[in-house]
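Notes for the one structure printed next.
Nothing fancy with the numbering, it's 1 onward along the sequence. Note that the coordinates shown come from a computational prediction; the quantities given were computed from them, not determined experimentally.
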Amino acid sequence: MSSTEHSPALHKAQEARRVTMLAIWVDAIVGLVKLVTGIIVGSAALVADGIHSFSDLVTDGFVLAATHYGSQDPDHDHPYGHGRIETLATLFLGSVLIFVAGAIAWSSIERLVAGAEIPPPGLWAMLIALLALLAKEALFRLTMRVARRLRSKLLEANAWHSRSDVLSTGVVLVGLVGTQLGHGWLDTIAAVIVGLLVGKVGWDLLWESGRELVDTALPVPQQEAMREVALSVPGVAGVHDLRTRQSAGHTMLDLHVVVPPRISVSEGHEIGNEVSRRLRQAFPALTDLTFHIDPEDDAGEGDPSRLPGLPLRPAVEAALTERWAGLPEWPWILDLELHYLEGAVTVVACLDEHSPLESAATARRLARAADDLEWFAQVEIRRLAALPSPTR
């Protein structure tokens, strides 16, 4: 595979790294300013919010590592790529958000129950909290925009982690204003509401990444749209056993394509290739597609590898040679075509075009001679030009 083919994944990793590095700088500066200001004005809420901002640095580093390793190309041990690393990281971040939500609500209720007194912070402390809130909101919007463009659940989770900091800072700001005005109880109510909102975001991320880890299929309308694209290809007689799963924003698809039973192997394979091309064009998120060509619709009949099979060409030719070698038609047979249909083998005997044999009568005599074979279905006759040199 050429480096050009790797460029989309490389570009995605680089763009994710740039926005995450920006997040690291913002989180470090905002966290430091909150912490210092909280210590100066004696606001425990602002100090706690500063520590919360510093905790974002840990998840930012986790995102950098997961993006780096998750975007690596498939290898011997990971033939489907490393996208599940990103899924696991999203699962972790969803858990962090739920923990943060609980901490916000619990600490606020604890302060209310304890009746803790917070000294008036002053206007400049509230202004710093407001600027920090705006900075984190801008970071949230930028990260979310990049996450949606790259279809990265991990970046989306990190964006919501930034939004949790926005909401917690909003809670602190409400608390600071309320404390300034003598209404400290506003802090608790706002904190509980924000905790519920952050917890819902965390639960949604846990739910989505969990579904991805257990290979949950795409929604039915998307599967049906894929089926329609496949059926639109000339030569496709049917589609069945269509299966989908996702990994880090990418989609993997398996499907069985039914083609006319008597076409060549190469034509059937090219029909499958065209199905693959059209599906990739219609669904850019498809990164891995496997198609199986069927000469007949065997949907619902189970895995063929677990069912009794039919004899392959060496065994068929050996059995037919044993029964036909003594017949007068034998010297005129140039080749045999085998068609495995409806649980039996149809044999096409290719006769020398100069043969004096009558086709219908020949087919009946050959069929009678092979009638004892349980896998045998029928004989058909086709005439061919004689080969340059005899093969028998």
Side-chain angles (χ1 to χ4, degrees), residues 1-2 4-9 11-12 73-74 79-81 83-84 86-87 147-153 208 211-307 309-310 337-346 348 377 380 382:
M1 189 177 288
S2 68
T4 304
E5 292 175 290
H6 292 171
S7 59
H11 174 73
K12 175 180 178 180
D73 297 318
Y80 291 97
R84 289 296 167 87
E86 190 170 318
T87 305
R148 287 172 177 168
R149 184 167 66 249
L150 301 181
R151 296 191 298 275
S152 171
K153 291 291 184 183
E208 290 180 16
R211 282 168 55 85
E212 189 171 299
L213 282 177
V214 297
D215 288 336
T216 302
L218 289 175
V220 172
Q222 284 185 258
Q223 294 186 58
E224 289 304 316
M226 290 178 171
R227 189 185 307 275
E228 290 302 317
V229 169
L231 288 171
S232 71
V233 176
V236 174
V239 173
H240 62 94
D241 289 350
L242 187 149
R243 301 184 300 172
T244 60
R245 55 194 175 101
Q246 292 181 287
S247 177
H250 302 303
T251 301
M252 285 159 274
L253 169 65
D254 302 329
L255 75 164
H256 286 222
V257 178
V258 183
V259 299
R262 299 298 184 93
I263 62 175
S264 66
V265 173
S266 59
E267 183 181 357
H269 188 263
E270 187 54 32
I271 290 173
N273 286 337
E274 183 61 22
V275 168
S276 178
R277 292 186 198 101
R278 295 194 186 187
L279 282 169
R280 289 183 185 277
Q281 290 169 3
F283 302 94
L286 273 175
T287 55
D288 192 281
L289 191 154
T290 303
F291 62 82
H292 179 84
I293 297 299
D294 283 337
E296 54 189 355
D297 193 338
D298 57 1
E301 295 183 9
D303 185 351
S305 66
R306 300 181 182 275
L307 303 174
L310 295 169
E337 293 179 3
L338 307 181
H339 297 283
Y340 292 78
L341 301 171
E342 298 180 355
V345 181
T346 294
V348 179
E380 297 176 5
R382 188 156 70 90

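Partners of Pro261 under the side chain to side chain contact (heavy atoms under 4.5 Å, CB included) rule, at least two apart in sequence or in another chain, are Pro295, Leu341. A search for side chain to side chain contact (heavy atoms under 4.5 Å, CB included) contacts involving Ser232 returns Arg278, not counting sequence neighbours. Residues meeting the side chain to side chain contact (heavy atoms under 4.5 Å, CB included) test with Ser266, sequence neighbours left out: Ser264. Under the salt bridge (charged side-chain N to carboxylate O under 4.0 Å, His left out) criterion, Glu270 pairs with Arg277, not counting sequence neighbours. For Asp254, the salt bridge (charged side-chain N to carboxylate O under 4.0 Å, His left out) partners are Arg243, not counting sequence neighbours.
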Result block: side-chain N/O donor-acceptor pairs under 3.5 angstrom for residues 222-231, not counting sequence neighbours:
{"residue": "Gln223", "atom": "NE2", "partner": "Leu218", "partner atom": "O", "Å": "2.7"}
{"residue": "Arg227", "atom": "NH1", "partner": "Val239", "partner atom": "O", "Å": "3.2"}

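Applying the ring-ring contact (aromatic ring centres under 6.0 Å, His included) rule to pairs touching residues 251-280 yields His240-His256, His256-His292, His269-Phe291, sequence neighbours excluded.
With rounding to the nearest 0.5 Å, the separation of OG1 in Thr244 from CG in Leu289 is 11.0 Å. Considering CD1 of Ile263 and CD1 of Ile293, their distance stands at 7.5 Å, rounded to 0.5 Å.
Ion pair Arg262/Glu267 not flagged as a salt bridge, since none of the NZ, NE, NH1 or NH2 atoms sits closer than 4.0 Å to an Asp/Glu carboxylate oxygen.
Put simply, the side chain of Ile271 does not reach to within 4.5 Å of the side chain of Asn273, judged on heavy atoms. Residues Leu286 and Leu279 have side chains in contact (heavy-atom distance under 4.5 Å, counting atoms from C-beta outward). Side chains of Thr290 and Leu253 form no contact here, defined as non-hydrogen atoms less than 4.5 Å apart.
Contact detail for Pro260 and Gly235: the closest heavy-atom pair is CD-O, 3.2 Å.
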**Report entry** side chain to side chain contact (heavy atoms under 4.5 Å, CB included) evaluation trace for His339 with Val348
**Finding:** CA-CA 8 Å; His339 297 283; Val348 179; 3.7 Å; yes
